[in-house]
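Down below is the structure, laid out as structure tokens.
Being a predicted model, the structure only gives us computed values, none of them experimental.
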Amino acid sequence: MEPHNQTSASEFILLGLSEKPEHEPVLFALFLCMYVVTVVGNLLIILAISADSHLHTPMYFFLANLSLVDFCLATNTVPKMLVNIQTRSKSISYPCCLTQMYFFHFFGIMDSVLLAVMAYDRFVAICHPLHYSAIMSPRLCGLLVGGPWVYSCFISLTHILLMARLVFCGNNELPHYFCDLTPLLRLSCTDTTVNKIFVLIVAGMVIATPFVCILASYARIIVAIMKVPSAGGRKKAFSTCSSHLSVVVLFYGTTIGVYLCPSSVRTAVKEKASAVMYTAVTPMLNPFIYSLRNRDLKGALRKFINRKISTSS
């Protein structure tokens with residue numbers, strides 16, 4: 001049957017993380033707590049960096065942008081899931097599904113590219129400390145953040161335009177808790193070859209390439225650190241990178257498993273578990289990873305909170 005003779009689905013049914021109703025109250029409470037922690041943690045990081053002039057440096061500028069992206073990434077998926085559980089309505093309209101998918105890819109790509117930008121910042125700080133201020137100029141920092149926003153917008157829009165040409169007929173049940181690309185492609189009753197090729201190209205550009213850049217940056221960083229004569233100096237240099245490395249492992253460990261592993265080893269359960277990691281768990285943990293291991297940021301957070309408490313009392 002030709003695509004123009006088919007009636008495309010006007011909505012999808014999000015089956016969620018579990019199809020057992022008795023699990024829903026536990027999932028609602030768990031994800032509500034996770035989302036509140038994510039919102040509070042990331043907004044506190046942004047506000048503390050904005051309020052403390054000592055943190056107006058490239059490293060914290062990139063961190064504030066990462067916190068903003070993490071907040072938006074979680075907000076794009078988790079609240080809709082919570083509403084679906086609370087109202088017991090699992091449907092999402094076709095336009096809303098495409099909109100959610102657009103922002104999911106937009107902020108996911110931003111996350112990946114920003115992590116590579118932060119690795120480059122650490123590379124310049126450790127390998128070229130005397131030229132750090134000259135290299136990481138405000139203009140370059142603006143380009144390193146502004147460029148990915150434009151790039152991410154273009155890639156995400158292309159995904160949506162390619163998805164909009166597909167027809168969905170018959171089964172409209174999506175075994176996921178948000179409109180993710182791979183499960184949607186499986187539901188289409190038209191040829192998805194172009195979409196799948198574009199997915200591989202984009203995965204190479206926005207996952208594999210930034211990841212390779214991060215590995216290259218840290219290879220140079222490790223070589224430079226090993227040349228530091230004192231053990232204390234080496235420890236201090238490593239400590240400035242440990243938070244970023246922890247976030248890199250969390251983010252890329254899950255995204256590579258979803259988008260770069262062969263489809264034969266992927267299952268709906270694995271995809272949902274990985275999605276929970278990079279849409280809910282990682283955005284929640286990032287503020288803790290950076291604030292607990294960073295003395296300057298801890299001090300800025302403490303001052304910001306104490307100032308707010310004193311002005312409200």
Quiz item: Can you tell if the side chain of L144 reaches within under 4.5 Å of the side chain of M136, non-hydrogen atoms only?
Solution: yes

Exercise. Answer with yes or no whether the hydrophobic clustering places L15 together with L17; edges join I, L, V, M, F, W, Y residues whose side-chain heavy atoms lie under 4.5 Å apart.
Key: no

Quiz item: Could you give all pairs that pass the ring-ring contact (aromatic ring centres under 6.0 Å, His included) test and reach residues 185-209, with sequence neighbours left out?
Solution: H159-F198

Self-check item: Verdict with supporting geometry, F28 and Q86, side chain to side chain contact (heavy atoms under 4.5 Å, CB included)
Solution: CA-CA 8 Å; F28 181 85; Q86 188 66 22; 3.5 Å; yes

Practice problem: Kindly say whether T282 contributes a backbone atom to a donor-acceptor pair with the side chain of D70 at under 3.5 angstrom? | Solution: no

Quiz item: Under 3.5 Å, is there a donor-acceptor pair between the side chain of N76 and the main chain of Q100?
Solution: yes

Practice problem: Report the C-alpha distance between T182 and H176 in whole Å, list the side-chain angles of each, state the deciding distance to 0.1 Å, and finish with yes or no for side chain to side chain contact (heavy atoms under 4.5 Å, CB included). | Solution: CA-CA 10 Å; T182 310; H176 218 306; over 6 Å; no

Quiz prompt | Over 12 non-hydrogen atoms of neighbours within 6.0 angstrom of CZ in F103 | solution = no

Quiz item: What pairs of residues pass the ring-ring contact (aromatic ring centres under 6.0 Å, His included) test when at least one of them lies in residues 138-157, not counting sequence neighbours?
Solution: F106-W149

Quiz prompt | Distance, nearest 0.5 Å, that separates NZ of K90 from CE of M81 | solution = 12.0 Å

Self-check item: salt_bridge(R88, E24) N-O dist < 4.0 Å
Solution: yes

Quiz item: Should V247 and L285 count as side-chain neighbours, where that means a heavy-atom distance under 4.5 Å?
Solution: no

Quiz item: Is there a donor in the side chain of T193 and an acceptor in the side chain of D191, or the other way round, less than 3.5 Å apart?
Solution: yes

Quiz prompt | L114 versus V69, closest heavy-atom pair with distance | solution = CD1-CG2, 3.9 Å

Practice problem: Would you please classify the geometry between the F168 ring and the F12 ring as parallel, tilted or perpendicular, with 30° and 60° separating the classes? | Solution: perpendicular

Practice problem: Would you indicate whether the side-chain heavy atoms of I289 and L250 approach each other to under 4.5 Å? | Solution: yes

Exercise. Give the minimum heavy-atom separation between V167 and T190, together with the two atoms involved.
Key: N-OG1, 3.2 Å

Practice problem: Check whether any side-chain heavy atom of R165 sits under 4.5 Å from a side-chain heavy atom of N195, and report yes or no. | Solution: yes

Quiz item: Between the side chain of S137 and the main-chain N/O of L140, is any donor-acceptor distance below 3.5 Å?
Solution: yes

Practice problem: Treat each ILVMFWY residue as a node, draw an edge where side-chain heavy atoms are under 4.5 Å apart, and state whether L68 and V40 are in one component. | Solution: yes

Quiz item: Say you draw a straight line from OG of S67 to CD1 of I45; how long is it, rounded to the nearest 0.5 Å?
Solution: 5.0 Å

Quiz prompt | Taking every non-hydrogen atom, the tightest pair across G16 and K272 | solution = O-NZ, 3.2 Å

Self-check item: Check: S112 side chain, V206 main-chain N or O, donor-acceptor pair, under 3.5 Å
Solution: yes

Practice problem: Taking all heavy atoms of A119 and all of Y218, pick out the closest pair and write down the distance. | Solution: CB-CE1, 4.1 Å

Quiz item: Are any non-hydrogen side-chain atoms of L115 and P210 less than 4.5 angstrom apart?
Solution: no

Quiz item: With distance as the sole test, does N65 use its side chain to make a donor-acceptor pair with the main-chain N or O of F61 at under 3.5 Å?
Solution: yes

Self-check item: Y132 to M59 - nearest heavy-atom pair and separation
Solution: OH-N, 3.9 Å

Self-check item: pair M34-V78: side-chain heavy atoms closer than 4.5 Å
Solution: no

Self-check item: Single-linkage hydrophobic cluster, 4.5 Å side-chain cutoff, V223 and I214 together
Solution: no

Self-check item: Atom pair CG/CZ of L82 and F31 - distance to nearest 0.5 Å
Solution: 8.5 Å

Quiz item: Is a side-chain donor or acceptor of Y177 paired with a backbone partner of V276 at a separation under 3.5 angstrom?
Solution: yes

Quiz item: V199 and L161: same hydrophobic cluster, using ILVMFWY side-chain contacts below 4.5 Å?
Solution: yes

Quiz item: Taking atom NE2 of H23 as the centre, does the number of heavy atoms from other residues, nucleotides or ligands within less than 6.0 Å exceed 12?
Solution: yes

Self-check item: Side chain to side chain, F104 and C179, heavy atoms closer than 4.5 Å
Solution: no

Practice problem: With sequence neighbours excluded, give me every disulfide bond (SG atoms under 2.5 Å apart) pair touching residues 112-165. | Solution: none

Quiz item: side chain to side chain contact (heavy atoms under 4.5 Å, CB included) between F62 and H244: does it pass, once the steps are laid out?
Solution: CA-CA 11 Å; F62 297 138; H244 180 255; over 6 Å; no

Quiz item: How long is the span from the OH atom in Y60 to the CG atom in D121, to the nearest 0.5 Å?
Solution: 10.5 Å

Quiz item: Which atoms form the tightest heavy-atom contact between L44 and L301, and what is the distance?
Solution: O-CD2, 3.5 Å

Exercise. First locate atom CD1 of I85, then atom CG of L14, and finally report the distance between them rounded to the nearest 0.5 Å.
Key: 11.0 Å

Exercise. Would you mind reporting whether L181 and M163 have side-chain heavy atoms less than 4.5 Å apart?
Key: yes

Quiz prompt | Test applied, side chain to side chain contact (heavy atoms under 4.5 Å, CB included); reference residue, V39; option that passes from V36, N42, L43 | solution = L43

Exercise. Verify the cluster assignment for L185 and V194: are they in a single hydrophobic cluster under the rule of side-chain heavy atoms below 4.5 Å apart?
Key: yes

Practice problem: Would you give the length of the straight line joining atom CG of L200 to atom CE of M205, rounded to the nearest 0.5 angstrom? | Solution: 11.0 Å

Practice problem: Using the side chain to side chain contact (heavy atoms under 4.5 Å, CB included) rule, take L66 and D111 through it: C-alpha gap first, then chi angles, then the decisive distance, then the call. | Solution: CA-CA 7 Å; L66 182 69; D111 233 335; 2.9 Å; yes

